[in-house]
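All chains are named by letter (A, B, ...) in the order of the sequence lines, taking the proteins before the strands, and each is independently numbered beginning at 1.
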Protein chains: 2
Amino acid sequence: MATIDHKQLWQAVADQLRDEILEGRLPAGSRLVETELADRFGVSRGPIRDALTELARTGLAVDLPRRGTFVSSLTEADLNEVYVIRRAIEEVAVRLAISHATDEELTDLRAALEVVEDAYRGPDLAAAWDADMEFHRSYCRLSGNGRLLAVFEQLASQTVLLMRTAVATRSSLAWIPPVEVHRHIADAIGARDPQRATDAVAAHYRYTEERLSAADRGGDSVPAA
Amino acid sequence: MATIDHKQLWQAVADQLRDEILEGRLPAGSRLVETELADRFGVSRGPIRDALTELARTGLAVDLPRRGTFVSSLTEADLNEVYVIRRAIEEVAVRLAISHATDEELTDLRAALEVVEDAYRGPDLAAAWDADMEFHRSYCRLSGNGRLLAVFEQLASQTVLLMRTAVATRSSLAWIPPVEVHRHIADAIGARDPQRATDAVAAHYRYTEERLSAADRGGDSVPAA
DNA sequence: GACAGAAAGATTGTCAACAGTTAGCGTCCC
DNA sequence: GGGACGCTAACTGTTGACAATCTTTCTGTC
């Protein structure tokens with residue numbers, strides 16, 4: 001087993017902190033203190049520093065030199081900012097996925113779609129967001145462009161944090177997306193129709209932006225991830 | 001002056017290593033050894049590790065756990081990958097810049113255009129690439145979307161490294177772009193015409209992709225940054 | 001009570017040392 | 001000659017200590 005890459009300490013710490021942030025157990029704005037975390041995890045400050053650097057890299061935390069690292073405080077303006085970029089890269093991702101993915105790989109996308117639709121029918125909104133993000137991640141992965149997937153991953157973490165934060169402060173942001181927004185994307189990719197796929201992604205984001213605008217004026221529902 | 005943020009050691013080290021990589025003084029594939037760099041810069045290994053982490057974050061280096069950090073070895077396939085994402089985000093960036101930028105800010109873009117055109121008329125190709133990248137950076141900054149600019153910055157570093165690497169191995173990749181590719185973008189933004197600006201960005205990248213393909217079949221010129 | 005300055009405490013940045021892992025080299029065997 | 005094995009030097013990962021910086025608390029003055 002010695003030849004299997006085992007995790008470095010900082011990775012285990014970062015993974016756990018990421019989960020705590022995304023599950024709302026470490027609230028936005030809270031300070032991540034190296035010395036406390038070192039005591040808590042029973043390791044030295046070195047790996048804690050590396051873990052905090054990783055959280056800052058993915059946007060879940062903000063590192064202020066000599067002052068500390070804080071869980072990101074993100075607003076709906078941030079959500080808009082993230083969606084703009086996600087829309088841009090996902091429109092490209094679906095086109096690339098259509099060109100690159102094998103038929104077998106497209107069945108994985110289908111499976112992800114089923115999971116999302118099931119999840120939004122269930123009681124657990126956070127699980128639905130995770131499934132939703134996994135669906136989007138699928139076609140970004142199928143694009144075959146590693147850098148595109150890396151950009152998506154950063155934005156994905158921030159999206160989940162943003163939605164948890166936003167819904168906690170504004171329940172009017174909690175809504176369930178129509179089932180067809182994801183299905184249209186999956187169908188178009190399955191049919192290997194680039195224009196339809198791009199249009200379906202654009203429609204999904206337009207829907208989301210409309211819901212965000214509507215939430216600004218009152219109303220009551222859940223943002224799609 | 002005590003209230004002014006001064007650089008941490010790792011930042012100074014990272015800046016210098018970045019310059020050396022981008023200027024070709026640290027060749028692709030070369031190993032960045034913490035202990036050597038610590039001796040060379042006269043600091044402890046801690047800040048060196050942080051600097052190397054930063055280089056890995058921006059894609060200029062690759063960190064292999066327990067084995068070391070290596071200057072990225074990037075190929076023309078990587079260049080294509082980077083261009084796909086840059087095109088996607090820059091098409092959005094010009095639209096946002098048109099909506100958000102003041103008239104005064106647009107004169108900065110004009111200035112950046114002059115610098116690029118002058119630079120490509122000169123003998124120093126690396127300086128021209130830097131000016132080219134600064135032009136693109138300008139409208140990404142004017143987009144008002146900080147995350148978009150951050151994504152651009154990562155891709156910018158990689159673009160310069162890629163081009164230096166590619167041209168060093170394939171002089172057929174060294175070509176001067178027609179002056180109008182950048183001018184069309186700046187004109188469209190100046191006219192605040194989103195469709196024209198998006199089309200101009202797309203044309204720029206189409207041109208670049210065509211030159212890359214032509215270079216695969218022989219020929220002799222310089223990729224636009 | 002409000003404000004300013006000093007002191008104390010807490011934290012981050014850096015350093016040097018120790019522990020664990022890997023790469024390279026030499027030797028042996030087929 | 002090629003492959004496997006063992007050893008050692010060099011390197012990376014982690015730890016604990018010291019120095020520098022920031023935040024909080026305390027004290028004095030108005």
Going by heavy atoms in the side chains, are B:R110 and B:L106 under 4.5 Å from each other?
no

Report the distance from atom CD of A:Q8 to atom C1' of D:dC11, rounded to the nearest whole Å.
14 Å

Starting at CD of B:E34 and ending at C1' of C:dA17, how long is that distance when rounded to a whole Å?
15 Å

Mind telling me whether B:Y120 and B:H182 have parallel, tilted or perpendicular rings, with 30° and 60° as the class edges?
parallel

Roughly, in whole Å, what's the span from NZ in B:K7 to P in C:dG13?
16 Å

Mind calculating the distance between CH2 (A:W10) and C1' (D:dT15) to the nearest angstrom?
19 Å

Taking atom types as modelled, is there a side-chain donor on B:R147 or A:Q158 under 3.5 Å from an acceptor on the other?
yes

In whole angstroms, how far is the C1' atom of D:dC11 from the CZ atom of B:R49?
11 Å

Once you round it to whole Å, what is the distance between P of C:dG13 and CD1 of A:I48?
14 Å

From C-beta outward on A:R31, which listed nucleotide comes closest to its side chain: D:dT12, C:dT11, C:dG13?
C:dT11

Could you tell me how far apart A:D63 (CG) and D:dT21 (C1') are, to the nearest whole angstrom?
15 Å

Find the distance A:R67:CZ to D:dA20:P and express it as a whole number of Å.
19 Å

By ring pair (Phe, Tyr, Trp, His ring centres under 6.0 Å) - contacts of A:F152 (at least two apart)
none

For the backbone of A:W10 and the side chain of A:D50, can you confirm whether one donor and one acceptor N or O come within less than 3.5 Å of each other?
no

Within the 3.5 Å criterion, strictly below it, is a donor on A:R86 or A:T159 matched to an acceptor on the partner's side chain?
yes

Is there a residue in residues 36-44 of chain B whose heavy atoms reach under 4.0 Å of DNA chain D, and which residues are they?
B:E36

When all nucleic acid strands are considered with a 4.0 Å heavy-atom cut-off, which category describes A:G46: base, sugar-phosphate, or nothing?
base

I want to confirm an ordering. Mapping B:D50 and B:R45 to their closest nucleotides on DNA chain C, which one lands closer to the 5' end?
B:D50

Counting side-chain heavy atoms from CB outward, which of D:dC11, C:dT11, D:dT15 is closest to B:T35?
D:dC11

Out of D:dT14, C:dT22, D:dC11, minimum distance to the side chain of B:V33 belongs to D:dC11

Given C:dT11, C:dA23, D:dT21, the nucleotide with the shortest approach to the side chain of A:R66
D:dT21

Quick one: sort the B:Y139 and B:F135 rings into parallel, tilted or perpendicular, breaks at 30° and 60°.
perpendicular

